[in-house]
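Everything below concerns the one structure shown next.
Just so you know, these numbers use all the heavy atoms, side chains as well, and skip hydrogens, waters and symmetry mates. As the structure lists them, so they are numbered: ligands from 1, and atoms in each ligand from 1. Residue numbers start at 1 and run along the sequence shown.
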Amino acid sequence: MPKLKLITYGCQANDLDSERITGLLLREGFTLTEQEEEADLIVLNTCAIREKAEHKVYSRLGSFQALKRQRAGLKIGICGCVAQQEGQALLNRFPYLDFVVGPGQLTAIPTLLQAGAARGVATARAAGYSYPVDAPVQRRSGIRAWVSIMEGCDRFCTFCVVPFTRGRERSRPPQAIIEEIRELKRQGYREVTLLGQTVNSYGRKLTPPISFVELLRHIDQLVGDYMRVRFTSPHPSDVTDELAAAIAELPSLCEQIHLPVQSGSDRILHQMKRGYNREEYLEKVALLRAKAPDIAITTDIIVGFPGETEEDFQATLDLMQEVGFDGAFIFKYSPRPHTEAEGMPDQLSEEVKGRWLEHALRLLNQSSLERNRAYIGRTVEVLVNREDAKVDTVRHTGRTRQNKIVHFRGDEVVDGSMVQVAITEATPLYLQGEIVC
Ligand code: 5AD
Ligand code: SF4
């Protein structure tokens, strides 16, 4: 049987696409391998969100050139956002590459692999995307699952390449989502994460329209307290009273939100075309905490956007201080093809961006440590899941409803079970404790 080596970069949408690619290719008779030396097919599922992510792909691809010479019949393919962004140019640039397939075109892979098939490209014009992607999903975990509910984005933030690589916003019909989750529950999954680029704008364009919160309520009725439900990533502008109430009320919905702010400066938020200002973002945070006091809030921040001044950066630090984030991904701004910000004047130096990044990370460390220390002395529900474990045999690992990683001691526990853990220690990145029952 032919062997597939799949290499995945990027976000959860890509993780799910990789599970789709796996599903498709297992159906074609492939088996999975970790060793690229024994693979008959190597697929890189790529990310274009920042330049660094793209460069990683090219250097990995370069390392396969020799392998291709040694191994007759070896095929190499590129999927994901770099494939969509670059298309045919990749085939021109890398003569040993066999196919290039964009995120919406995964089902084209088997055809491109057929015996005697020419080197090929399957990418969509942004407007030509379809949904759903008709590919079987072969999940890696038996405990938590990604479920795509919408794809693409209509917002065109000026720094972001996603609307160009993943196309316009389109939502999946609620019945299909419910059926998928019903099946996951039947198979014993304990957690689903609903995925979409602006996940909480789900459903508006469907006929009949349905709101994100209505969908959450349907899912809650189905899974009750047997499964945990999360979603990522919401856009702050679409955080409503109803959503905050749902987080507080629905047993399945976890007290956790990843709410990208990007900047704390009104001037920069405006330049980014984010659609909200600092005060509005802070109001959303206040709303969420008023309704669901136990909520953990994480975010994304970009430092060094074109034209950003020390004053603007300081406003971001102030906002971080004011919110007290549980965690954050902080990025140096990276110019991306097609985006408005790429052509903006006053691009900042790597040196400035690096300095600001370090500074923001130090502040983040303090706030996440402070937030985590507040759990010391509490007993929390943990979903046991080895996937988050460190290599250390005495400790078990899992996550709280707030999505905090917990390492804990205790007798044998079953992966996928819920246990109560008394928290005794905290670091910025995880909690530690003892199992209670
Ligand atoms: N440069 C740096 N970070 C970016 N992100 C998106 N585009 C860029 C870019 N051009 C970040 C944003 C987004 C996260 C997924 O990646 O913070 O929320
Ligand atoms: Fe990119 Fe903005 Fe859309 Fe998020 S909302 S995917 S940052 S364009």
Among all protein non-hydrogen atoms, which one is nearest to atom 7 (N) of ligand 1, and what is the separation to 0.1 Å? Phe159 CD1, 3.3 Å
May I ask you to list the atoms of ligand 2 that are less than 4.0 angstrom from any heavy atom of Thr198? 5 (S)
What protein heavy atom lies closest to atom 3 (Fe) of ligand 2? Include the residue and the distance to one decimal. Cys153 SG, 2.2 Å
Atom 3 (Fe) of ligand 2 and Cys157: any N/O/S contact shorter than 2.8 Å? no
Are Arg139 and Glu180 close enough for a salt bridge, meaning some N to O gap below 4.0 Å? yes
Under a 3.5 Å cutoff, is there a donor and acceptor pairing between the side chains of Ser252 and Asp220? yes
Please classify the Pro260 to ligand 2 contact at 4.0 Å (heavy-atom distances, strictly less than): side chain, backbone, both or neither. neither
Using a 4.0 Å heavy-atom threshold (strictly under), name the region of Ile49 that reaches ligand 1: side chain, backbone, both or neither. both
Residue portion contacting ligand 2 (non-hydrogen atoms closer than 4.0 Å) for Phe156: backbone
If you define the side chain from C-beta out and look only at heavy atoms, does anything of Leu206 sit under 4.5 Å from Pro174? yes
Nearest option to atom 10 (N) of ligand 1, as decided by whichever heavy atom of Pro260, Ser263, Ser334, Ala328 sits closest: Ser334
Output the list of atoms in ligand 1 that are nearer than 4.0 Å to some heavy atom of Lys332, sorted by atom number. 1 (N), 2 (C)
I'd like to know if the side chain of Glu279 pairs up with that of Asn277 as donor and acceptor (distance under 3.5 Å, no hydrogens or angles considered). no
Contact region, Phe331 to ligand 1, non-hydrogen atoms below 4.0 Å, reads side chain
A student checking ligand 2 against Phe159 at a 4.0 Å heavy-atom cut-off should list atoms 7 (S)
Can you confirm if the aromatic rings of Phe231 and Phe212 lie within a centre distance of less than 6.0 Å? yes
Does His235 offer a backbone N or O that forms a donor-acceptor pair with the side chain of Tyr276 under 3.5 Å? no
Can you label the angle between the Trp356 ring and the Phe313 ring as parallel, tilted or perpendicular, going by 30° and 60°? parallel
For Arg274, take its heavy atoms, then give the atoms of ligand 2 lying under 4.0 Å from any of them. 2 (Fe), 5 (S), 7 (S)
Identify whether NZ of Lys or CZ of Arg in Arg144 sits under 6.0 Å from the centre of the six-membered ring of Tyr189 and within 45° of that ring's axis. no
Could you list which atoms of ligand 1 come closer than 4.0 Å to a heavy atom of Arg336? 10 (N)
Counting from 1 in the order shown, the ligand 1 atoms closer than 4.0 Å to a non-hydrogen atom of Asp300 are 13 (C), 14 (C), 15 (C), 17 (O), 18 (O)
Does a donor on one side chain and an acceptor on the other come within less than 3.5 Å for Asp312 and Thr309? yes
Which atoms from ligand 2 have a heavy atom of Cys160 less than 4.0 Å away? 1 (Fe), 6 (S), 7 (S), 8 (S)
Contact with ligand 2 for Arg166, non-hydrogen, under 4.0 angstrom: no
Ring-face cation of Arg93 near Tyr58 (centre distance under 6.0 Å, axis angle within 45°): yes
What protein heavy atom lies closest to atom 5 (N) of ligand 1? Include the residue and the distance to one decimal. Arg50 NH1, 3.4 Å
Please determine if Tyr333 has a nitrogen or oxygen closer than 3.5 Å to a nitrogen or oxygen of ligand 1. no
The residue among Gln271, Lys273, His270 that forms side chain to side chain contact (heavy atoms under 4.5 Å, CB included) with Thr158 is Lys273
Identify, by atom number and element, the atoms of ligand 1 in contact range of Ile302, meaning under 4.0 Å from any of its heavy atoms. 3 (N), 4 (C), 5 (N), 12 (C), 17 (O)
Starting at OG of Ser367, measure out to CD1 of Ile297 and round the result to the nearest 0.5 Å. 11.0 Å
Specify whether Tyr430 and His407 have parallel, tilted or perpendicular ring planes, treating 30° as the upper limit for parallel and 60° as the lower limit for perpendicular. perpendicular
Which of the atoms of ligand 2 are close to Val162, meaning less than 4.0 Å from one of its heavy atoms? 6 (S)
Starting from atom 17 (O) of ligand 1, which protein heavy atom do you reach first, and at what distance in Å? Gln262 OE1, 2.6 Å
As an exercise, identify every atom of ligand 2 less than 4.0 angstrom from a heavy atom of Pro163. 8 (S)
